[in-house]
Chemist: 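Have a look at the structure that comes next, please.
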Amino acid sequence: MKKILYIETALTGHHKIYFMTLAQAMQERYELHCVLPSELRETDFPVKIVSLSAEKKNFLAQWFSYLRWMRQIGKTIRDVKPDIVHFLYGDALYRYFGFGLGSLKKVKTVVTLHQIRRSRLRDFSVRHICRASDAVVVHTDFLRRSFPSLNLRVIDYPDFSVQTYVQREAKERLGIPQDAPLLLALGGTRRDKGLDLLLRALSTVKMPFFLLIAGEELDFKREQIEALTAGYRKNTFLFLHHFSQEEHLLYLAASDIVVLPYRKSFDGASGPLSEGVSNQKIIVGPEHGSLGELISEYHLGYSFETENVSSLAEAVGRALSEPFVFDSHYQSYREKVSVARFCRSYAELYQKLEEEERCK
């Protein structure tokens, strides 16, 4: 049986479910091994625990942590002798320009890039990672077209949620009234996800609404959020913690509109967008990059001028007041983000790499 070595740098947010979904789909046809930052009880295949944790450290400490991580990966490859090595979060390689990937050339290497932030130095890093890998995956066609000279493969970011609640029941369980649409801001409160922009925009929205904010406190803390929502505090529901899968499903089911107030620094696939579409919610998101293109092409909702608070308020107002039709374009995107298609696409990629190896 062929072997795959999966490498992941975090098990928070969507990292864990991305890894688990893919691993569970592949374990019947491959012998699986993995390098993870911590133990995972749900797995029954070998786990090597190696943490890449260099945030908020100095430059030398970051590089030391990275080199130690790559050295441990190399040792694991020598011990396991996998046929394919898959870096599930290749974004972690950016600041190190994928240094060390070239030494893994004896094994087929796949790197998945979730976001690509543009600058001369970052573009150089992306190109180096691509040259040092056998296959590089991105989650939107916009990102693929951003680098026409590179052979990037698109696998749409799927919806990992399973619809188990009807909206009325979900709102009742969360204690949210039924008499106004519910806006959902889902995920950790990182600056690039623009929660502060949304909260400022909502202070000028006149239509009735409720707001549910769910995610870990990161860049924006509870005190800041409460201050920014003071004018509509009674209509705001805060769940600022690492939530369970059941809570995640409740938040999605209860919502009417998923709001993505992301800044320009965010360009890539969005889990809340995929989940919102799969649960047939209206999407409000920025007009730049991948998200803007998806919203426009597939008629997913309303877009706004990125980082423009007035434009964001106007888009939310339209979502609250205008009738919305979930048309054939919208439904086609729902089909694109199925988990079955996601797993099948990766299986086809692995098979292609195996065939290339046999043809050598």
Side-chain angles (χ1 to χ4, degrees), residues 1-9 14-15 17-35 45-46 70 73-74 76-78 80-94 98 100-116 125-160 268-269 274 290 294 332-333 335-360:
M1 182 179 284
K2 298 288 186 178
K3 299 178 184 178
I4 291 181
L5 175 64
Y6 283 122
I7 300 167
E8 179 55 275
T9 60
H14 284 82
H15 289 263
I17 194 167
Y18 193 106
F19 161 64
M20 289 297 298
T21 299
L22 190 55
Q24 288 169 357
M26 298 301 159
Q27 62 183 350
E28 289 187 6
R29 65 176 72 186
Y30 293 99
E31 179 183 322
L32 301 185
H33 298 258
C34 51
V35 173
F45 38 83
M70 288 297 290
I73 289 171
T76 305
I77 290 172
R78 290 191 296 274
V80 172
K81 297 180 174 58
D83 299 279
I84 295 171
V85 175
H86 188 171
F87 289 82
L88 293 169
Y89 190 66
D91 305 43
L93 303 172
Y94 284 147
L101 284 176
S103 65
L104 309 181
K105 272 302 182 182
K106 292 182 180 179
V107 61
K108 291 293 184 180
T109 306
V110 180
V111 176
T112 296
L113 303 177
H114 295 259
Q115 292 188 56
I116 298 181
S125 179
V126 170
R127 290 189 175 92
H128 187 270
I129 290 169
C130 290
R131 285 196 299 269
S133 308
D134 295 286
V136 174
V137 174
V138 294
H139 289 309
T140 70
D141 196 55
F142 181 90
L143 292 180
R144 181 188 62 79
R145 294 199 314 273
S146 297
F147 294 88
S149 64
L150 302 179
N151 186 22
L152 300 176
R153 184 184 182 101
V154 179
I155 296 178
D156 289 285
Y157 196 98
D159 165 39
F160 293 112
S274 299
S290 302
L294 288 173
S332 70
Y333 190 68
E335 296 171 7
K336 281 172 69 70
V337 297
S338 72
V339 167
R341 179 170 177 167
F342 167 79
C343 294
R344 186 169 62 250
S345 296
Y346 266 122
E348 291 169 356
L349 173 59
Y350 297 155
Q351 185 176 355
K352 180 182 177 183
L353 293 176
E354 291 176 43
E355 290 171 355
E356 289 176 358
E357 184 64 23
R358 285 196 295 269
C359 291
K360 280 187 175 180

Chemist: Can any side-chain N or O of Asp156 pair as donor or acceptor with the backbone N or O of Val337 at less than 3.5 Å?
Modeler: no
Chemist: Decide yes or no for Cys34 and Ile7: does some side-chain heavy atom of the first lie under 4.5 Å from some side-chain heavy atom of the second?
Modeler: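 Contact flag for Cys34/Ile7 side chains = no.
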Chemist: If you measure only the distance, is there a donor-acceptor pair under 3.5 Å linking the side chains of Tyr157 and His114?
Modeler: no
Chemist: Considering only NZ, NE, NH1 and NH2 on the basic side and carboxylate oxygens on the acidic side, decide whether Asp83 and Lys3 come within less than 4.0 Å.
Modeler: no
Chemist: With a 4.5 Å heavy-atom cut-off, do Thr140 and Val138 have their side chains touching?
Modeler: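 No. Closest side-chain heavy atoms not under 4.5 Å.
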Chemist: CE of Met70 to OG of Ser103: how many Å apart, nearest 0.5 Å?
Modeler: 5.5 Å
Chemist: Just wondering, do Ile116 and Val126 contact through their side chains at under 4.5 Å, heavy atoms?
Modeler: yes
Chemist: Relative to each other, are the rings of His86 and Tyr350 parallel, tilted or perpendicular (30° and 60° limits)?
Modeler: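 Ring orientation, 0 to 90° scale: perpendicular.
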Chemist: Can you find a pair of side-chain heavy atoms, one from Arg127 and one from Leu150, that are under 4.5 Å apart?
Modeler: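 In contact.
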Chemist: Quick check for you: to the nearest 0.5 Å, what is the distance between Leu5 atom CG and Glu31 atom CD?
Modeler: 11.0 Å
Chemist: Go through the steps for Asn151 and Cys130 under the test side chain to side chain contact (heavy atoms under 4.5 Å, CB included), then give the verdict.
Modeler: CA-CA 8 Å; Asn151 186 22; Cys130 290; over 6 Å; no
Chemist: Under a 3.5 Å cutoff, is there a donor and acceptor pairing between the side chains of Tyr346 and Thr21?
Modeler: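 Tyr346 vs Thr21: no donor-acceptor pair found between side chains.
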Chemist: Can you tell me how far the CE atom of Met26 sits from the SG atom of Cys343, to the nearest 0.5 Å?
Modeler: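 If I round to the nearest 0.5 Å, the distance is 5.5 Å.
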Chemist: Less than 4.5 Å apart, side chain to side chain, heavy atoms only: is that true for Lys2 and Glu354?
Modeler: yes
Chemist: Only one of Val85, Val80, Leu22, Ile84 passes side-chain contact (heavy atoms from CB on, under 4.5 Å) with Ile4; say which it is.
Modeler: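 That would be Ile84; it is the only one of Val85, Val80, Leu22, Ile84 passing the side-chain contact (heavy atoms from CB on, under 4.5 Å) with Ile4.
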Chemist: Run the numbers on Leu88 and Tyr6 for side chain to side chain contact (heavy atoms under 4.5 Å, CB included), then give the verdict.
Modeler: CA-CA 7 Å; Leu88 293 169; Tyr6 283 122; 3.9 Å; yes
Chemist: Taking all heavy atoms of Glu8 and all of His15, pick out the closest pair and write down the distance.
Modeler: OE1-ND1, 3.2 Å
Chemist: Give, for atom CZ of Arg341 and atom CD of Glu348, the distance between the pair rounded to the nearest 0.5 Å.
Modeler: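 Here the interatomic distance stands at 9.5 Å.
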Chemist: For the pair Phe19 and Phe45, name the ring-plane relationship: parallel under 30°, tilted 30 to 60°, perpendicular over 60°.
Modeler: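 Ring orientation, 0 to 90° scale: perpendicular.
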Chemist: Using atom types as modelled and distance alone, determine if a side-chain donor or acceptor of His33 lies under 3.5 Å from a backbone N or O of Pro46.
Modeler: no
Chemist: Is there side-chain contact between Leu143 and Leu113, with heavy atoms separated by less than 4.5 Å?
Modeler: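 The answer is no, as the side chains (C-beta and beyond) never meet within the 4.5 Å cut-off.
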Chemist: What pair of heavy atoms forms the shortest contact from Pro158 to Ser338, and how long is it?
Modeler: CB-O, 4.0 Å
Chemist: Taking all heavy atoms of Lys81 and all of Arg78, pick out the closest pair and write down the distance.
Modeler: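 Heavy atoms only, the tightest pair is NZ-O, 3.1 Å.
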Chemist: Roughly how far, to the nearest 0.5 Å, is NE2 of His139 from OG of Ser274?
Modeler: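 Nearest 0.5 Å value for the OG-NE2 distance: 9.0 Å.
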Chemist: Tyr18 vs Phe342 aromatic rings, parallel, tilted or perpendicular, using cut-offs 30° and 60°?
Modeler: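 Perpendicular: the ring planes of Tyr18 and Phe342 meet at over 60°.
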Chemist: Identify the two heavy atoms, one from Arg29 and one from Ala347, that lie closest to each other, and give their separation to 0.1 Å.
Modeler: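 Shortest heavy-atom contact: NH1-CB, 3.5 Å.
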Chemist: In Å, rounded to the nearest 0.5 Å, how long is the span from CD of Gln27 to CG of Leu32?
Modeler: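 Those atoms lie 6.0 Å apart.
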Chemist: Go through the steps for Leu152 and Val137 under the test side chain to side chain contact (heavy atoms under 4.5 Å, CB included), then give the verdict.
Modeler: CA-CA 6 Å; Leu152 300 176; Val137 174; over 6 Å; no
Chemist: Does the side chain to side chain contact (heavy atoms under 4.5 Å, CB included) test come out yes or no for Arg144 and Asp141, once each step is laid out?
Modeler: CA-CA 5 Å; Arg144 181 188 62 79; Asp141 196 55; 2.7 Å; yes
Chemist: Report yes if some heavy atom in the side chain of Phe87 is under 4.5 Å from a heavy atom in the side chain of Ser133; otherwise report no.
Modeler: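 Heavy-atom side-chain distance check fails, nothing below 4.5 Å.
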Chemist: Which heavy-atom pair separates Ala135 from Leu349 by the least distance, and what is that distance?
Modeler: CB-CD1, 3.9 Å
Chemist: Any side-chain heavy-atom pair from Leu93 and Leu101 closer than 4.5 angstrom?
Modeler: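 Yes, side chains in contact.
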